[in-house]
**Q** 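Got a structure for you, questions after.
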There are 2 protein chains.
Amino acid sequence: MVSDVAQLDSVFHALAHSARRTIIQQLRSGEKNLSELAAPLKMSFPAVSKHVRVLEAARLVTRRVRGRSHFCQLRAEPFAEVSEYAEQFRQLWEQRFDALEDLLAEMQHEEKKRKGPG
Amino acid sequence: MVSDVAQLDSVFHALAHSARRTIIQQLRSGEKNLSELAAPLKMSFPAVSKHVRVLEAARLVTRRVRGRSHFCQLRAEPFAEVSEYAEQFRQLWEQRFDALEDLLAEMQHEEKKRKGPG
DNA sequence: ATATTATTCAACCAATTGGTTTAGAATTTT
DNA sequence: AAAATTCTAAACCAATTGGTTGAATAATAT
């Protein structure tokens, strides 16, 4: 586990807003400038600018200034930390699903018994 | 993808605070009541109570009241959504790591050339 | 019945968040 | 040189967050 506490704070915080997740999705297809990122979002330009700053703070986005355009690029590495964090709990959530499967299997078994000899 | 937008909002928000992640870690070893959860945290009891509510809102924790004790249990399912979300970007971050590996391999290759014929 | 324990509620506070608008700076276009 | 484009900065605002304290509630122990 490489991820320090403050980094996880900032990444999770960055991801906890749908506008920022929308920005991230847009950046999957490559670099985009702020105007392009702002287009589909129903908010003022400065608001988008602030969201991008939050993403930069979490190191999810880097900025390359070219003339008057600020091109944003997705940096996916922090997602590795998020994944790693979540995977800690895989056993726990699969355990639950297994229990649910067992329950369903049990119910189907009961169903057969009810139908079969009847 | 089952996770709706509001659910991701609340889960990421819940995870974006180290005190809440500490609570989650404590709950990995099983149910604990609020007093137990509060013990290692350097904040007042009501503050912890509020953090637990945030975790409940994100469905990361459920509460079972037994007498005057409120036992909290971890529900790991939302982590599946978090993992699923992060995994979307695996290709992207591995791409980067691959590039880094390539660079390292290249450097080692250069190193051999330098040493070898010398 | 009283005290203790476990927790919530309510009120309050400072800081942060997420948004706005207006203005300004920097870079292209005309 | 003037106009348009892209973005930041600053000031402001309402709502939320994360914390506090003090009082209230509920359950158990003495």
Side-chain angles (χ1 to χ4, degrees), chain A residues 5-27 29-74 78, chain B residues 5-27 29-74 78:
Chain A
V5 174
Q7 173 63 12
L8 273 184
D9 280 3
S10 68
V11 173
F12 281 131
H13 171 241
L15 296 177
H17 194 292
S18 74
R20 289 192 290 260
R21 292 198 302 276
T22 299
I23 291 172
I24 286 169
Q25 288 300 333
Q26 290 188 80
L27 291 177
S29 55
E31 278 192 337
K32 286 200 170 36
N33 67 18
L34 286 177
S35 299
E36 292 174 295
L37 292 175
L41 296 173
K42 285 160 191 156
M43 63 181 71
S44 69
F45 198 90
V48 176
S49 178
K50 284 185 187 179
H51 281 304
V52 170
R53 283 197 186 289
V54 172
L55 291 167
E56 287 181 284
R59 299 195 249 196
L60 282 160
V61 160
T62 53
R63 185 190 299 242
R64 179 177 64 89
V65 180
R66 193 66 177 262
R68 65 190 171 190
S69 279
H70 292 209
F71 289 100
C72 295
Q73 188 177 10
L74 190 58
Chain B
V5 174
Q7 174 64 13
L8 274 184
D9 279 3
S10 68
V11 173
F12 281 132
H13 171 240
L15 296 177
H17 194 292
S18 74
R20 290 192 291 260
R21 292 198 303 277
T22 299
I23 291 172
I24 286 170
Q25 289 300 333
Q26 289 187 82
L27 291 176
S29 55
E31 278 191 337
K32 287 201 169 37
N33 67 17
L34 287 177
S35 299
E36 292 174 294
L37 292 175
L41 297 174
K42 285 160 192 157
M43 61 181 72
S44 69
F45 198 90
V48 176
S49 178
K50 284 184 187 178
H51 281 303
V52 169
R53 283 196 187 291
V54 172
L55 291 168
E56 286 182 284
R59 299 196 250 196
L60 283 159
V61 159
T62 53
R63 185 190 299 242
R64 179 177 64 89
V65 180
R66 194 66 176 262
R68 65 190 171 187
S69 278
H70 292 209
F71 289 101
C72 295
Q73 187 178 10
L74 190 58

**Q** Atom CG of L34(A) and atom C1' of dA26(C): how far apart are they, to the nearest Å?
**A**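 L34(A) atom CG is separated from dA26(C) atom C1' by 14 Å.
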**Q** To the nearest Å, give me how far apart CZ (F71(B)) and C1' (dA27(D)) are.
**A** 13 Å
**Q** Atom CG of N33(A) to atom P of dT5(D): distance rounded to whole Å?
**A** 14 Å
**Q** Quick check: on DNA chain C, is the nucleotide nearest A16(A) upstream (toward 5') of the one nearest E36(B), or the reverse? Name the residue that is more 5'.
**A** E36(B)
**Q** Is any side-chain N or O of S44(A) closer than 4.0 Å to OP1 or OP2 of dG19(C)?
**A**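 It does not, given that no N or O in the side chain of S44(A) lies less than 4.0 Å from OP1 or OP2 of dG19(C).
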**Q** I want to confirm an ordering. Mapping H13(A) and G67(A) to their closest nucleotides on DNA chain C, which one lands closer to the 5' end?
**A**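 Result of the comparison: H13(A).
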**Q** Would you say a side-chain N or O of S35(A) is under 4.0 Å from OP1 or OP2 of dT5(D)?
**A**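 Checking S35(A) against dT5(D): no side-chain N or O falls below 4.0 Å of OP1 or OP2.
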**Q** Tell me the interatomic distance from R64(A), atom CZ, to dC7(D), atom C1', rounded to whole angstroms.
**A**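 In whole Å, dC7(D) C1' and R64(A) CZ are 15 Å from each other.
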**Q** Kindly compute the distance separating OG (S18(B)) from NE2 (H51(B)), expressed to the nearest 0.5 Å.
**A**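 Result: 8.0 Å between the selected atoms.
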**Q** When you match K50(A) and F45(B) each to their closest nucleotide on DNA chain D, which lands nearer the 5' end?
**A**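 Its nearest nucleotide lies further toward 5', so the answer is K50(A).
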**Q** Please evaluate residues R21(B) and V5(A) with respect to the criterion side chain to side chain contact (heavy atoms under 4.5 Å, CB included), reporting the C-alpha separation (whole Å), side-chain torsions for both, the decisive distance (0.1 Å), and the verdict.
**A** CA-CA 9 Å; R21(B) 292 198 303 277; V5(A) 174; 3.5 Å; yes
**Q** Would you please confirm or rule out a distance under 4.0 Å between OP1 or OP2 of dG19(D) and any side-chain N or O of H51(B)?
**A** yes
**Q** Step by step, work out the side chain to side chain contact (heavy atoms under 4.5 Å, CB included) result for H70(B) and V65(B).
**A** CA-CA 4 Å; H70(B) 292 209; V65(B) 180; 3.9 Å; yes
**Q** Run the side chain to side chain contact (heavy atoms under 4.5 Å, CB included) check on R63(B) and R53(B) step by step: do they pass?
**A** CA-CA 10 Å; R63(B) 185 190 299 242; R53(B) 283 196 187 291; 4.2 Å; yes
**Q** Which ones in residues 17-26 of chain B lie close to DNA chain C, meaning a heavy atom under 4.0 Å from one of its atoms?
**A** none
**Q** How many whole angstroms separate atom CG of L37(B) from atom P of dT8(C)?
**A**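 Checked: the CG to P distance equals 11 Å.
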**Q** To the nearest angstrom, how far is F12(A) atom CZ from dT17(D) atom C1'?
**A** 18 Å
**Q** For R59(A), does the CZ atom sit with more than 12 other heavy atoms under 6.0 Å from it, leaving out its own atoms?
**A**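 Open: at most 12 neighbouring heavy atoms sit under 6.0 Å from CZ of R59(A).
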**Q** dC9(C) phosphate, OP1 or OP2: any side-chain N/O from R53(B) under 4.0 angstrom?
**A** yes
**Q** For the side chain of S69(A), counting heavy atoms from C-beta on, which of dT21(D), dT20(C), dT6(D) is nearest?
**A** dT6(D)
**Q** Just do the side chain to side chain contact (heavy atoms under 4.5 Å, CB included) check on L27(A) and L37(A) with the steps written out, would you?
**A** CA-CA 8 Å; L27(A) 291 177; L37(A) 292 175; 3.8 Å; yes
**Q** Rounded to the nearest 0.5 Å, what separation is found between the CG atom of N33(A) and the CZ atom of R64(A)?
**A**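 Separation between the atoms: 10.0 Å.
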**Q** Send over the distance from K42(B) NZ to dG18(D) P, rounded to a whole Å.
**A**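 My rounded result for the distance is 19 Å.
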**Q** Rounded to the nearest 0.5 Å, what separates atom CG in L55(B) from atom NE2 in H13(B)?
**A** 10.0 Å
**Q** Please determine, for the side chain of R68(B), which listed nucleotide (dA11(D), dT6(D), dT4(C)) has the closest atom?
**A**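 Comparing dA11(D), dT6(D), dT4(C) against the side chain of R68(B), the answer is dT4(C).
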**Q** Figure out the NZ/C1' separation between K32(A) and dT6(D), and round it to whole Å.
**A** 17 Å
**Q** Any side-chain N or O of S49(B) below 4.0 angstrom from OP1/OP2 of dT7(C)?
**A** no
